[in-house]
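None of these values were measured; they are calculated from a predicted model.
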Amino acid sequence: MMTEDFNFDPLPDDAWPPQLADMLDGFAGQLNVYRMMAHHPALLASWSALRDHIVKQNTLGAELVEVVILRTGFRLGSDYEINQHIVRSRKQGFSDDRIRAVLGPVEDMSDTDRLLAASVDELFELNALSPANIRAIA
């Protein structure tokens, strides 16, 4: 099958799947990435539960989750993810200096941000957290 056979455009409101109607006015209707996932309703429905856990039911809290996501976007080289979460970070009260720090060398960060960013870096480099970082995070 050729890629021309696939449509990756975000779904407009008038093409939104009926089984996802309750998600259109929420998070799923707000970003193109979710509108693209709506081409496969089961995928978006499944992702919704994971997203809810990561975004709403985590133990870090909204502010520190943004540090982790920004650093992950930085490590992935994902401009899309970084730009989405710069906006979210600002809503959490991040200054532009703090955002720049999280996207730079760990030495330029506050202690808490440094610990989280170093942990993200360690996961990228080692696929695991060191016992020292696990203790520090705990």
Side-chain angles (χ1 to χ4, degrees):
M1 188 175 269
M2 303 292 292
T3 56
E4 297 89 42
D5 297 333
F6 294 101
N7 177 358
F8 294 109
D9 293 333
L11 286 180
D13 288 358
D14 63 353
W16 197 258
Q19 63 269 45
L20 299 176
D22 61 323
M23 298 175 90
L24 182 58
D25 290 331
F27 80 91
Q30 296 175 15
L31 294 175
N32 284 341
V33 66
Y34 301 125
R35 286 182 171 272
M36 289 173 56
M37 291 171 77
H39 283 280
H40 193 294
L43 172 65
L44 182 54
S46 295
W47 174 255
S48 176
L50 178 60
R51 179 205 172 268
D52 187 60
H53 178 74
I54 293 169
V55 174
K56 305 273 187 198
Q57 299 176 20
N58 63 73
T59 58
L60 289 176
E63 178 185 348
L64 297 181
V65 164
E66 288 306 317
V67 172
V68 170
I69 294 172
L70 280 170
R71 190 61 177 195
T72 301
F74 169 74
R75 290 302 304 252
L76 290 170
S78 174
D79 291 339
Y80 174 85
E81 196 68 19
I82 291 168
N83 289 323
Q84 290 296 322
H85 285 275
I86 285 173
V87 172
R88 291 180 63 108
S89 296
R90 286 179 176 146
K91 288 179 183 176
Q92 290 298 321
F94 283 43
S95 67
D96 287 346
D97 286 341
R98 184 177 183 190
I99 293 168
R100 273 190 292 279
V102 171
L103 300 174
V106 294
E107 297 79 25
D108 296 342
M109 298 176 204
S110 69
D111 291 343
T112 301
D113 290 358
R114 182 181 313 111
L115 172 62
L116 293 172
S119 295
V120 169
D121 292 352
E122 197 170 71
L123 287 169
F124 271 87
E125 293 161 11
L126 306 174
N127 296 317
L129 287 176
S130 66
N133 269 351
I134 290 172
R135 283 190 304 276
I137 289 170

Q. Tell me, do D96 and R90 make a side-chain contact under 4.5 Å, heavy atoms counted?
A. yes
Note: L11 and H39 closest approach over all heavy atoms is CD2-CE1, 3.3 Å
CD1 of I137 to CG of L115, rounded to nearest 0.5 Å, is 5.0 Å
Keeping H53 on the side-chain end and S48 on the backbone end, is there a donor-acceptor pair under 3.5 Å?
no
Side-chain heavy-atom pair M23, L44 within 4.5 angstrom cut-off:
yes
key: Side chains of F124 and T72 in contact at under 4.5 Å (non-hydrogen atoms)   = yes
Counting C-beta onward and ignoring hydrogens, is there a side-chain heavy-atom pair between I69 and I82 closer than 4.5 Å? no
Rounded to the nearest 0.5 angstrom, the OG-NE2 distance for S46 and H40 is 8.5 Å
task: Find out whether N83 and V87 are in side-chain contact, i.e. whether some heavy atom of one side chain is under 4.5 Å from a heavy atom of the other.
output: no
Worksheet item: Heavy atoms, side chains only, cut-off 4.5 Å: are L64 and V68 in contact?
Response: no
TODO: Report yes if the side chains of K91 and I86 come closer than 4.5 Å at any heavy-atom pair, otherwise no.
DONE: no
Closest non-hydrogen contact found for G29 with R35 is O-NE, 2.9 Å
Closest non-hydrogen atoms of V120 and R75, given as atom of the first, atom of the second and distance, are CG1-CG, 4.3 Å
query = Below 4.5 Å, heavy atoms only, C-beta onward: do F94 and V67 meet side chain to side chain?
reply = yes
Give a yes or no on whether L50 and V65 share a hydrophobic cluster (residues Ile, Leu, Val, Met, Phe, Trp, Tyr; joining criterion: side-chain heavy atoms under 4.5 Å apart). no
Shortest non-hydrogen pair, L103 vs L70, comes out as CD2-O, 3.5 Å
### Query
Cluster question for you: counting only ILVMFWY and a side-chain heavy-atom cut-off of under 4.5 Å, with indirect links fine, are M36 and F27 together?
no
### Test: R71 and E66 ion pair at under 4.0 Å
no
Check for me, please, whether I54 and L116 land in the same ILVMFWY cluster - side-chain distances under 4.5 Å, paths through other members count.
no
When rounded to the nearest 0.5 Å, the distance separating OG of S119 from CG of L123 is 7.0 Å
Quick note, salt bridge (charged side-chain N to carboxylate O under 4.0 Å, His left out) partners involving residues 44-53, not counting sequence neighbours, are none
**OP:** Flag yes if more than 12 heavy atoms outside W16 fall under 6.0 Å of its CH2 atom; otherwise flag no.
**Re:** yes
* Asked: When you measure from the side chain of H85 to the backbone N and O of R88, does any donor-acceptor pair fall under 3.5 Å?
  -> no
| task | Would you kindly confirm whether V102 and V55 end up in one hydrophobic cluster when ILVMFWY residues are joined by side chain heavy atoms under 4.5 Å apart? | result | no
D111 meets the side chain to side chain donor-acceptor pair (under 3.5 Å) criterion, sequence neighbours left out, with R114
Separation between CG (D79) and CD (E81), nearest 0.5 Å, reads 11.0 Å
Check your understanding: Would D108 and R98 pass as an ion pair if we require N to O under 4.0 Å?
Key -> no
Spell out, as yes or no, whether a donor-acceptor pair under 3.5 Å connects the side chain of Q19 to the backbone of P41.
no
Distance col, row L31:CG vs M37:CE, nearest 0.5 angstrom, shows 11.5 Å
| field | L20-L43 co-clustered via ILVMFWY side chain contacts under 4.5 Å | value | yes
Nearest heavy-atom approach of M109 to A101 is CE-O, 3.1 Å
